[in-house]
Amino acid sequence: MFKPPHCPNRFCASESPEIAFRFCRRGSFLRKCDGRRIPRFRCLICNRGFSSQTFRGNYRWRKPILHHSLMHLLCSKVTRRQAARILGVNRKTVERRFTLLSRIAHDFHRAQLNQSRERGGIHGVFQIDELETFEHNRRIKPVTLAVTIERHSYFILGAFAGKMGSRGQLNSQYRRRKRLIEMEEGPRRSESRRVVRKSFDLLNYYLDPKASAHLQSDKKKSYPVELKKSCWGRDIQHEVTSSRDVRDYHNALFPINHTLAMMRDGLSCLVRRSWAASKKKSGLQRHCWIWIAWRNYVRGVTNRTKTTPAQALGVSLSSFQMKEIYHWRWPMRLQARHTQGVQIP
Ligand SMILES: [Zn+2]
């Protein structure tokens with residue numbers, strides 16, 4: 001029997017911890033897509049009506065089944081345009097679902113991490129590296145993607161996309177285009193340092209308060225500086241490996257190199273020398289969250305094992321199916337309620 005965990009109305013007074021959420025049942029209706037009977041409820045605090053369907057990730061979508069195929073396609077090197085062709089739907093349909101699914105995947109990831117933080121936080125050896133790609137134009141609008149993982153479990157903590165300054169030695173045609181773009185968007189400054197800092201802030205937030213920050217990376221100079229700023233007051237261990245070393249299994253940075261290679265393989269917008277590069281940085285960022293949710297919570301650490309990276313690191317206690325990732329519409333709100341001791345259906 002479904003029991004609503006909170007009021008779907010974001011502005012309801014029961015959102016504050018002082019006022020308890022109370023509801024009553026109010027009939028039911030037949031769901032059009034499969035003819036099931038869905039119970040309706042009414043919030044006794046704000047008097048709004050809702051049903052169990054309101055909490056679902058596929059709420060109000062005419063073809064709820066499309067979510068599933070789309071999530072799988074987006075993790076399998078298929079572009080959004082091609083996904084629309086395969087599924088036989090409009091490109092805008094895919095685009096709207098992509099935005100929603102990415103938000104849900106990101107929320108799901110954060111909710112899982114928050115739960116593990118309540119249990120004491122994560123600990124392990126972490127690795128960071130930046131992957132280079134671009135939006136629209138490879139020479140004028142390069143983009144960096146800072147990815148942080150835990151070394152033994154291959155758990156991806158986060159990936160943040162940021163702008164990079166235009167490359168040097170542009171020919172006259174490129175210079176003209178660059179001027180036109182700058183007139184529209186302003187000068188392009190590098191956000192590399194900002195995304196690295198964001199990655200370390202995230203690491204510091206979810207790390208076990210008593211654990212030391214153990215990081216492995218290449219010799220980039222901004223890493224130790226930003227790590228010190230983010231993990232102030234923590235014991236810091238930072239090991240560096242030259243990026244010129246042979247990148248084989250014996251390289252200390254093999255896990256992060258392997259993860260970046262997997263991203264290049266699974267995310268259509270990161271495949272090199274293709275037409276699929278992202279048009280906007282935000283699209284790349286959204287696509288990353290969907291892929292990360294699949295990599296961390298659905299796929300096994302290797303092809304042979306069924307243990308997921310999240311299980312291996314102790315972030316979640318079980319593995320998930322793809323449909324469980326986008327099952328709930330607001331994973332973060334569910335998690336917040338969980339913290340307050342409310343039983344999640
Ligand atoms: Zn309410």
Side-chain angles (χ1 to χ4, degrees), residues 1-68 70-71 92-93 95-119 158 202 205-206 282 285-286 289-290 292-293 297 310 315-318 320-345:
M1 183 68 185
F2 178 81
K3 198 172 159 234
H6 58 84
C7 177
N9 176 15
R10 208 167 275 272
F11 305 104
C12 177
S14 68
E15 279 295 286
S16 72
E18 294 89 49
I19 300 169
F21 168 58
R22 289 183 301 124
F23 65 93
C24 65
R25 282 199 64 156
R26 257 296 164 72
S28 62
F29 70 96
L30 289 178
R31 188 160 64 191
K32 263 188 190 170
C33 65
D34 57 4
R36 274 197 196 175
R37 191 160 284 283
I38 304 295
R40 277 193 218 272
F41 304 90
R42 185 161 291 278
C43 172
L44 295 174
I45 309 296
C46 69
N47 211 27
R48 286 265 191 104
F50 57 90
S51 74
S52 65
Q53 189 63 20
T54 317
F55 296 88
R56 298 279 296 266
N58 55 17
Y59 172 66
R60 281 208 160 174
W61 291 95
R62 272 168 195 262
K63 291 172 186 160
I65 200 86
L66 272 189
H67 272 16
H68 194 65
L70 188 62
M71 283 287 270
K92 283 183 212 155
T93 308
E95 209 53 40
R96 279 194 289 267
R97 283 179 195 246
F98 171 69
T99 311
L100 172 87
L101 289 173
S102 144
R103 199 268 299 152
I104 292 180
H106 187 199
D107 275 9
F108 182 88
H109 178 55
R110 284 197 297 160
Q112 291 296 321
L113 279 170
N114 281 345
Q115 274 179 28
S116 84
R117 190 168 181 258
E118 281 163 34
R119 292 197 297 267
L202 192 77
Y205 185 72
Y206 289 115
S282 54
Q285 183 69 68
R286 288 198 177 115
W289 291 125
I290 292 179
I292 288 173
Y297 305 98
V315 171
S316 56
L317 305 174
S318 59
F320 291 89
Q321 289 181 359
M322 195 63 126
K323 62 181 179 193
E324 289 171 303
I325 304 276
Y326 58 83
H327 187 80
W328 298 112
R329 197 167 150 206
W330 302 291
M332 282 291 280
R333 289 174 77 188
L334 277 182
Q335 191 270 325
R337 286 280 150 170
H338 190 262
T339 314
Q340 291 165 22
V342 177
Q343 270 247 304
I344 305 300

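Scope of the values below: all heavy atoms of this structure, side chains included, with no hydrogens, waters or symmetry mates. Along the sequence shown, residues carry numbers from 1. Whatever order the structure lists ligands and atoms in, that order sets their numbers, starting from 1.
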Salt bridge (charged side-chain N to carboxylate O under 4.0 Å, His left out) involving R329 - partner list, sequence neighbours excluded: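 Expected list: none.
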With sequence neighbours left out, write down each residue that passes side-chain contact (heavy atoms from CB on, under 4.5 Å) with R62, or none if nothing qualifies.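 For R62 there are no side-chain contact (heavy atoms from CB on, under 4.5 Å) partners, ignoring immediate neighbours.
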Take the angle between the ring planes of F2 and F41 and call it parallel below 30°, perpendicular above 60°, tilted in between.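 F2 vs F41 ring planes: tilted.
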Decide if the gap between the ring center of Y326 and the ring center of F108 is smaller than 6.0 angstrom.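 When the ring centroids of Y326 and F108 are compared, they turn out to be at least 6.0 Å apart.
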When you check the space around the Zn ion (ligand 1), which protein N, O or S atoms turn up under 2.8 Å?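 Short answer, with waters excluded from the count: C7 SG, C12 SG, C43 SG, C46 SG.
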Taking only distance into account, with no hydrogens and no angle test, what donor-acceptor pairs under 3.5 Å do side-chain atoms of residues 17-27 form with protein atoms, sequence neighbours excluded?
none

If we ignore hydrogens and angles and just use 3.5 Å, is the side chain of R117 paired with the main-chain N or O of Y205 as donor and acceptor?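 Pair found, side chain donor or acceptor close to backbone of Y205.
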